[in-house]
> 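Would you mind keeping the following structure in view while I ask a few things?
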Amino acid sequence: MTTEKNEVLISVRGLEKHFKGGELKALRGVDADICRGEVVVVIGPSGSGKSTFLRCLNLLEQPTAGTISLAGVDITDPTVDINLHRQKMGMVFQHFNLFPHMTVLRNMTIAPIKLLKKSREEAEAKARSLLERVNLEDREDAYPSQLSGGQKQRIAIVRALCMEPEVMLFDEPTSALDPEMVGEVLDVMKELALSGMTMICVTHEMGFAREVADRVLFMDEGKIVEEGTPEEIFSSQKEQRTKDFLNKVL
Amino acid sequence: MSIFEQWWLPIAELVENRQPLNFFQNLYKEIYMNAIKDDRWLLYLDGLWVTLKVSFFAILAGTLLGTVLAVLRLPSVTDYRYRGNHPLKKLGFGVLRFFCWFAKFYIDLIRGTPLLLQVLIINFGVFGSIRIDKVIIGVIACALNSAAYVAEIVRGGIMSVDPGQTEAGRSLGFSGLATMLWIVLPQAAKSALPSLCNEFIALIKETSILSYIALTELTKAGDYIRSRTYSAFTPYIISGMLYLLLTLILTTLIRKLERRLRASDH
């Protein structure tokens, strides 16, 4: 993994997303560049479009307008094979979305075996080493329903990592967790950030943003209102809307 | 002379002399006449075998076709907005839209008309001028009919699966079809299984309609024996017990499968 932070990995230009035939404008022209190895945290009030922004990045939501390029390839181009590009973008969901009919190990190995054409042994070895990293090596034969929320989310993170993605997208990964389980998930994310992974996190965990983020984006009403280092955003905001929001949540 | 023949001799004598029979003698007479004499039990077994063959292949083909119809009817198939003006994508979208419309039309048509009519049309209309095994006609008619019901059951099962599962599959890089196959359908099958079991049982029983096109399945076999022995009850009851046996075996198998699928939700 490269630690050089200047190469732009994801470049977003003029991104718009309308729902209900334009009645609801979730994104109204978002521009952003995310560099390789960078950890970007997206914050903002609910309904500000941060989740929509994240889901547009791997085209789980089809953008209404604008372009998204990943490593120089415009993935909004209809001739591009989006499935191939999604393999390079791991995603972690608020509600984990583990496959309930598969064991933990199968959850982690099905995509590498079927998509990367890895052998079963190779995929399982990789999965086991990742399970060890999140201290769940003894749960490989468990089914998701037998795990706690925090364990599920840690499995969801390593499931995405099994595909060896270039960037990880986190969509409010701790919002559905009991408070005592938030820490264990954030610890995994911190460790991942330190290992040099490019990460884009939508979260309400301001402590995580302050501690781990290289850059914080504040979104409101479908636009990036302010962006900067955690110090700039949390200590010396320029925009009134950022101030109002932070006053409410901190 | 078999033991059954030996048991029959004293009763036969009573019948010959027009002596009254007691309950057990009467019962044995019915069984002897309708199942043992002239090896008539073989007729039931032949009928059972035909019913089993038709049901098995009709369930198999009906489930496959029904699942395809169900997938074609999903909103995600038709709502998928093909971006841009790439002519191939536009064509693909048009073809999918047509198939979705066709699936709806097919399901309404099949569910809205009697199975007996469908069987008659396929037998005398479609295959009227072709010599073809009646078993194959039976399989085709029953499979085409069952597919329409299976389609709605499977569609319900698919819609009961959390959309987050599809998103998780797609986000890993699986295509829409692969996500459906590996992630959504196995979960849909679990919730659809009780209703599917209903449908399979109904199909087994409905194959009796095929006696209308002179396919000697279980009902026809019983009816044939009734025409030889003039016993109004016994042959039909024997056929009925064999249907019951088939459906009970199927129910047991599906309950086992359900238990296995439930292994993941402790």
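Keep in mind that this is a model prediction, so the values were computed, not measured. Chain naming here is simple, since letters A, B, ... match the order of the sequence lines and numbering starts at 1 in each.
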> Please set out all donor-acceptor pairs under 3.5 angstrom arising from side-chain atoms of residues 132-146 of chain B, sequence neighbours excluded.
| from | atom 1 | to | atom 2 | distance (Å) |
| --- | --- | --- | --- | --- |
| B/Asp133 | OD1 | B/Val135 | N | 3.0 |
| B/Lys134 | NZ | B/Asn123 | OD1 | 3.2 |
| B/Asn145 | ND2 | B/Gln118 | OE1 | 2.8 |
| B/Ser146 | OG | B/Glu199 | OE2 | 2.8 |

> Taking non-hydrogen atoms and a cut-off under 4.5 angstrom, which of residues 87-105 of chain A neighbour chain B?
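Against chain B, the residues of residues 87-105 of chain A that fall inside the cut-off (heavy atoms, under 4.5 Å) are A/Gln87, A/Met89, A/Met91, A/Phe93, A/Asn97, A/Leu98, A/Phe99, A/Pro100, A/His101, A/Met102.
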> What are the residues of residues 106-117 of chain A, in order of number, with any heavy atom under 4.5 angstrom from a heavy atom of chain B?
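Within residues 106-117 of chain A, the residues under 4.5 Å from chain B are A/Ile110, A/Ala111, A/Lys114, A/Leu115.
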> Quick check: are there more than 12 heavy atoms from other residues, nucleotides or ligands sitting under 6.0 Å from CZ of B/Phe99?
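Open: at most 12 neighbouring heavy atoms sit under 6.0 Å from CZ of B/Phe99.
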> Specify which of B/Thr166, B/Asp162, B/Leu172 makes the most heavy-atom pairs with chain A at under 4.5 Å.
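When all of B/Thr166, B/Asp162, B/Leu172 are compared, B/Leu172 has the most.
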> What part of A/Arg159 gets closer than 4.5 Å to chain B, counting heavy atoms only: side chain, backbone, both or neither?
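A/Arg159 touches chain B through backbone and side-chain heavy atoms alike.
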> Tell me the closest heavy-atom pair linking A/Arg86 and B/Arg170, and the distance in Å.
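Looking at all heavy atoms of both residues, the shortest contact is CD-O, 2.9 Å.
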> Would you say that more than 12 heavy atoms from the other residues, nucleotides or ligands in this model lie under 6.0 Å from the NZ of A/Lys190, or not?
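Yes, because the 6.0 Å sphere around NZ of A/Lys190 holds more than 12 heavy atoms from other groups.
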> Look at atom OH of B/Tyr106 and say whether more than 12 heavy atoms of other residues, nucleotides or ligands are closer to it than 6.0 Å.
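Yes.
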> Measuring from B/Ser175:OG to A/Asp81:CG, what's the distance to the nearest 0.5 Å?
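Result: 9.0 Å between the selected atoms.
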> Please determine whether the number of non-hydrogen atoms from other residues, nucleotides or ligands lying under 6.0 Å from atom OH of B/Tyr212 exceeds 12.
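For B/Tyr212, atom OH is not crowded (no more than 12 foreign heavy atoms under 6.0 Å).
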> Could you list which of residues 181-198 of chain B have a heavy atom closer than 4.5 Å to any heavy atom of chain A, in residue-number order?
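Within residues 181-198 of chain B, the residues that come under 4.5 Å of chain A (heavy atoms only) are B/Trp182, B/Ile183, B/Pro186, B/Gln187.
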